[in-house]
Amino acid sequence: MTPGPSTVGSAARTYLDHLTVERGLAANTLSSYRRDLRRYDEFLAGRGIERLDDVTENVVAEFLMSLREGDADHQPLSATSAARTVVAVRGFHKFAVQDGLATTDPAGAVKPPTPAKRLPKALPLSDVEAILEAAGSPDTPLALRDRALLEVLYGTGARISEATGLDVDDLDTVDGTVLLRGKGGKERLVPVGGYALDAVAAYLSRGRPALAAQGRGGPALFLNSRGGRLSRQSAWAILVKAAERAGVTASVSPHTLRHSFATHLLDGGADVRVVQELLGHASVTTTQVYTLVTVDNLREVFATAHPRARD
């Protein structure tokens, strides 16, 4: 088919018909595409552009910038919302070329914005300590287990699956280390702090024997009330209940303790590559998200403490 000098509006209607009839998109998705393309058409009209072949890559890039900055008629869009709109525009131009409505695709090289990394939520040390204290009361076999479990989670930065997968022999109380088995079966030896070692020692001597007697025995370090290996779901529930008893209102999960472990280490001056090894991250770039948290902390301290930092 020979390309024709289509207007943006007529080409957009053709594209929407294509999405409706041939692609069978859901009504909500079509509504989003229609709204995004209408905004795009208005943007182009404001620059006197009516024909698809008059649109350049710079114009599409300017449209993306306008989405992020907003204008008199539109609020600025988040990176996620702007990316969705750019995807619609890219699909529209690609279709226009394939269907003979335009000769070039000016949007192909314009990449959608990358959503900002969501910073991990770390608990203040006081909240962590309150949760740990709440987990170990009263002094029963289950409470001893709960305190030991949470101390290990926070004291080693272990994933919940790594902690519940521990066997008694994985813990070396003499060297103060624990063998964790991470993603892909990768193993790493991690140091265990004194508080976690004390909590595990109390559990092994006064808690685990009573729990083991309820089952057939086994190598698992953390046991449930029937003497079997503690599940990840049960470990999660233990943490949530301890947080409730401690009066911690923030949303708490096992990963929260892992985030807190990493953030508190970096706040204390630990090197990011050391934290990477402790967490079992394959790449240091995964760990570097925690440095953004500590920079925020530094910024807050600077803003409140430095005499020339105030507005």
Testing the basics here: between [X] and [Y], what is the closest heavy-atom pair and its distance to 0.1 Å?
{"X": "Pro254", "Y": "Leu239", "answer": "N-CD2, 3.3 Å"}
{"X": "Ser251", "Y": "Thr256", "answer": "O-OG1, 3.9 Å"}
{"X": "Arg90", "Y": "Gly108", "answer": "NH1-O, 2.9 Å"}
{"X": "Thr56", "Y": "Pro106", "answer": "C-CB, 3.5 Å"}
{"X": "Val275", "Y": "Ala262", "answer": "CG1-CB, 3.9 Å"}
{"X": "Ala143", "Y": "Pro138", "answer": "CB-O, 2.7 Å"}

Passing candidate, side chain to side chain contact (heavy atoms under 4.5 Å, CB included) with Leu179, options Leu171, Leu189, Val190: Leu189
Under a 3.5 Å cutoff, is there a donor and acceptor pairing between the side chains of [X] and [Y]?
{"X": "Ser231", "Y": "Ser234", "answer": "yes"}
{"X": "Ser32", "Y": "Thr29", "answer": "no"}
{"X": "Asp53", "Y": "Thr103", "answer": "yes"}

Nearest 0.5 Å, what's the [atom1]-[atom2] distance between [X] and [Y]?
{"X": "Arg159", "Y": "Thr164", "atom1": "CZ", "atom2": "OG1", "value": "12.5 Å"}
{"X": "Leu37", "Y": "Arg13", "atom1": "CG", "atom2": "CZ", "value": "11.5 Å"}
{"X": "His18", "Y": "Gln98", "atom1": "NE2", "atom2": "CD", "value": "8.0 Å"}
{"X": "Asp17", "Y": "Arg23", "atom1": "CG", "atom2": "CZ", "value": "13.5 Å"}
{"X": "Lys94", "Y": "Tyr15", "atom1": "NZ", "atom2": "OH", "value": "9.5 Å"}
{"X": "Arg34", "Y": "Asp41", "atom1": "CZ", "atom2": "CG", "value": "13.5 Å"}

Derivation and outcome, side-chain contact (heavy atoms from CB on, under 4.5 Å), residues Glu50 and Leu44: CA-CA 7 Å; Glu50 296 182 359; Leu44 296 177; over 6 Å; no
State yes or no: do [X] and [Y] share one hydrophobic cluster built from I, L, V, M, F, W and Y residues joined by side-chain heavy-atom distances below 4.5 Å, directly or via other members?
{"X": "Leu132", "Y": "Tyr195", "answer": "no"}
{"X": "Leu153", "Y": "Leu125", "answer": "yes"}
{"X": "Val59", "Y": "Leu77", "answer": "yes"}
{"X": "Val240", "Y": "Val248", "answer": "no"}
{"X": "Leu279", "Y": "Val274", "answer": "yes"}

Would you say [atom1] of [X] has more than 12 non-hydrogen atoms from neighbouring residues, nucleotides or ligands within 6.0 angstrom?
{"X": "Asp271", "atom1": "CG", "value": "yes"}
{"X": "Arg35", "atom1": "CZ", "value": "yes"}
{"X": "Phe95", "atom1": "CZ", "value": "yes"}
{"X": "Arg245", "atom1": "CZ", "value": "yes"}

Full working for side-chain contact (heavy atoms from CB on, under 4.5 Å) between Glu187 and Glu162: CA-CA 10 Å; Glu187 297 182 346; Glu162 295 171 344; over 6 Å; no
Would you say [X] and [Y] make side-chain contact, with heavy atoms under 4.5 Å?
{"X": "Arg229", "Y": "Asn224", "result": "no"}
{"X": "Leu166", "Y": "Val178", "result": "yes"}
{"X": "Tyr33", "Y": "Leu16", "result": "yes"}
{"X": "Leu67", "Y": "Val86", "result": "yes"}
{"X": "Arg188", "Y": "Arg181", "result": "no"}
{"X": "Val8", "Y": "Phe92", "result": "yes"}
{"X": "Tyr154", "Y": "Ile131", "result": "no"}
{"X": "Ser10", "Y": "Leu101", "result": "no"}

Parallel, tilted or perpendicular: ring planes of His255 versus His259, cut at 30 and 60 degrees: perpendicular
Tyr40 and His93 aromatic ring geometry - parallel, tilted or perpendicular at 30°/60° bounds: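 Aromatic pair His93/Tyr40 classed perpendicular.
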Candidate pair Arg38 and Glu42, rule salt bridge (Lys or Arg N to Asp or Glu O under 4.0 Å), full reasoning: CA-CA 6 Å; Arg38 184 184 302 119; Glu42 291 172 355; 5.5 Å; no
side-chain contact (heavy atoms from CB on, under 4.5 Å) between Leu142 and Leu211, worked out: CA-CA 8 Å; Leu142 290 178; Leu211 298 178; 3.7 Å; yes
Please confirm whether the backbone N or O of [Y] pairs with a side-chain atom of [X], one donor and one acceptor, at under 3.5 Å?
{"X": "Ser31", "Y": "Asn28", "answer": "no"}
{"X": "Ser137", "Y": "Glu133", "answer": "no"}
{"X": "Asp175", "Y": "Thr177", "answer": "no"}
{"X": "Arg258", "Y": "Gly157", "answer": "yes"}
{"X": "Asp170", "Y": "Asp167", "answer": "yes"}
{"X": "His264", "Y": "Ser260", "answer": "yes"}

Qualifying side-chain hydrogen bond (donor to acceptor under 3.5 Å, both in side chains) pairs with a residue from residues 197-221, counting only residues at least two apart or across chains: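 Checked against side-chain hydrogen bond (donor to acceptor under 3.5 Å, both in side chains) - neighbours excluded - the pairs reaching residues 197-221 are Asp139-Arg206.
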Full working for side-chain contact (heavy atoms from CB on, under 4.5 Å) between Thr104 and Val97: CA-CA 6 Å; Thr104 60; Val97 172; 5.6 Å; no
